[in-house]
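Notes for the one structure printed next.
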Amino acid sequence: MSGENRKGVENAQVDPAEKDDGASSNFITHIVEEDLKTGKYDGRVVTRFPPEPNGYLHIGHAKSICLNFGIAKQYQGTCHLRFDDTNPLKESVEYVESIKEDVRWLGFDWEDHLYYTSDYFEMLYQSAIQLIEKGKAYVDSLTPDQIREYRGTLNEPGKESPYRNRSVAENLGLFEKMANGELGEESCVLRAKIDMASPNIVMRDPTLYRIRRKDHHRTGSKWCVYPMYDFAHCLSDSIEKITHSICTIEFVNNRELYDWILDALAVYHPQQIEFARLNLNYTILSKRRLIQLVEEGHVNGWDDPRMPTISGLKRRGYTPAAIRKFCDVIGVARRDSTVDISLLEHCLREDLNVSAPRVMAVLNPLKLVIENYPEDASEMLDAVNNPEDASMGKREIPFSRVIYVEQDDFMENPPKKFFRLAPGREVRLRYAYFIRCHDVIKDEEGNVVELRCTYDPQTRGGNSPPDGRKVKATLHWVSEKHAINAEVRLYDHLFNVENPLQSGDFRQHLNPASLVVLTNCRLEPGLLHASPGAHFQFERLGYFFSDPVDSLPQKPVFNRVTTLRDTWAKIKKAQGATGG
RNA sequence: UGGGGCGUCGUCAAGCGGUAAGACACAGGACUUUGGUUCCUGCAUUCGGAGGUUCGAAUCCUCCCGCCCCAGCCA
């Protein structure tokens, strides 16, 4: 991890950019404030972020993390990080570690409130026994298929299991056998005795415990029986004295069961509040499908810079502050919504515009010879590191007779509104000189391979000449003999349609141009020593990030995080659209 | 077709009976040694629809329409 990232962690939650925009306000903060006013929880505010360690966190989880930690902070409360590790079949320490790292990287601190549902297994087991003793739970010996049949459908009520009225003693004995590993995996389950005719299917005698002969990543082989989400979650919240149990909207139906279990056991009762999960266009935020992309090799792992995972965004070059800002600005509500990815990009630019040093890099080099510049001469020119922040100082960049400019910055037959270089036209080389193009050299196939220009010595530094001549464009450039070579990876949206799930197999909408690798880029020499995990603005091109994994000493690799706003691209597109 | 949730600008989202915030996007313009940044300006006579209550309705009532979630021994 880079020094920059560590700094991000230290500055967590005191980011000045976020401090002045005040506390957030949404329907959940309204509830919290009302509860504070009425003294519902004695003025306490305790939230929790409860991930299941069965995959990597994505930007949707970031919304939940920012919400839960944010509310705790806003009301001087605490936020717990709790791993909801009740299913050993899907969970692993790899995921636990990645989640901790991602939450920390985002800038949040759970202090000493790190919990695992598995730490409560004994208490949960005792609670289950209590439920049995109260006659509110029973061991059902129906097969999985039978349980499904007995559950009924959306329109028809279910019917009661023949095992539903076993005696408390028999249930107690059976449940103990389940826990002792004396029974086979699908031979029976513990179920709550509620109402098989409930219009809410969640309430039709939900399963509380199932047998799993599988080692758990934290409790090893201690348990043969594992609690289901509905049973474990509400009780874990209760044990931790959570006040506001914030979850996503698909759990609305489960709230009735959440309340039922807590009431049945007569224990401390937090309130569950649901909000709509985040959707982003041009990507997918489904854990299951993200796993698929990784396992089928459509991307290079969980931290592929195209992935909407926290680790992917981090590797791409997104900053914690940008993600936090995004989560703040999208708001919290209960309605389904899909946020435009341009908002995420906007938050990133807002952050990097003020913090990223500017630098010149030519991605697709075109050789340019300044014929009236002395053959073997070179000179150093002053350049500011960040026009937004004078304290970032200046640097010197070398100039000489042969330079490289961007291929896109020259057109032999320029269309209207193309301000850049063309035969006979004069432009400014940033921080250097005005140059005018005189000749174009092509290869046998007619490709432009070299430009012959002259420069005006009176424009040194890029300043306008005494005659007041103006120029319509300023180009970035790099001196041929001083430039370093580097690989630059251009990233774009993972999918080429707004909603990849709308039609057909989502994989058929993968954007083939989501990654374009450029290996012949020429960068200003100072970039040779760019430390991995550092941000730059390549002037006129975008924000770039030295890849923290693939960069080698003296051989940096850059990821394009996002482009700059590109007015010319829009004009070009509009001209193309009208056939111009 | 049972139950639940939700419909306010292209996209998010305020609004909580007193006459439609803000952000992104988009479109103009100013400035500019980044076609960047910044700065102005414009962008919902209308809140899914239709009725009703009221001096007054996005907000209350009624009906209708649409979208989403639930039938795992997943979370």
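On a predicted model such as this, the values are computed, not experimentally measured, just so you know.
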Name all residues meeting the side chain to side chain donor-acceptor pair (under 3.5 Å) criterion together with Tyr226(A); count only those two or more places apart in sequence or in a different chain, and write none if there are none.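 Per chain and number, Tyr226(A) pairs via side chain to side chain donor-acceptor pair (under 3.5 Å) with no residue.
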Output a table of donor-acceptor pairs, distance under 3.5 Å, between side-chain atoms of residues 343-352 of chain A and any protein atom two or more places apart or on a different chain; print 'none' if there are none.
residue   : atom : partner   : partner atom : Å
Arg349(A) : NE   : Thr563(A) : O            : 2.8
Arg349(A) : NH2  : Thr563(A) : O            : 3.1
Asp351(A) : OD2  : Thr319(A) : OG1          : 2.4

Under a plain distance cut-off of 3.5 Å, with no hydrogens placed, do Arg48(A) and Ser245(A) share a side-chain donor-acceptor pair?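 Indeed, the side chains of Ser245(A) and Arg48(A) share at least one donor-acceptor pair under 3.5 Å.
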I'd like the [atom1] distance from [M] over to [N], given in whole Å.
N      : M      : atom1 : result
C6(B)  : G18(B) : C1'   : 27 Å
U62(B) : C69(B) : P     : 27 Å
C16(B) : G36(B) : P     : 39 Å

Between the base of G36(B) and the side chain of Glu388(A), is there a donor-acceptor distance below 3.5 Å?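 Side chain to base: pair present.
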Does Arg358(A) contact U37(B) through a side-chain donor or acceptor facing the base, at a distance under 3.5 Å?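 By the distance-only test, no, there is no pair.
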So does Ser337(A) get a side-chain nitrogen or oxygen closer than 4.0 Å to the phosphate oxygens (OP1/OP2) of U11(B)?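 Checking Ser337(A) against U11(B): no side-chain N or O falls below 4.0 Å of OP1 or OP2.
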Please tell me if Thr153(A) has a side-chain N or O lying less than 4.0 Å from either OP1 or OP2 of G2(B).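 No.
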ring centroid sep under 5.5 Å plus plane angle under 30, Tyr229(A) with A75(B):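 No, aromatic ring not over the base.
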If you look at every strand shown and take non-hydrogen atoms under 4.0 Å, does Ile571(A) touch a base, only sugar-phosphate, or nothing?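 Here Ile571(A) touches the bases of the nucleic acid.
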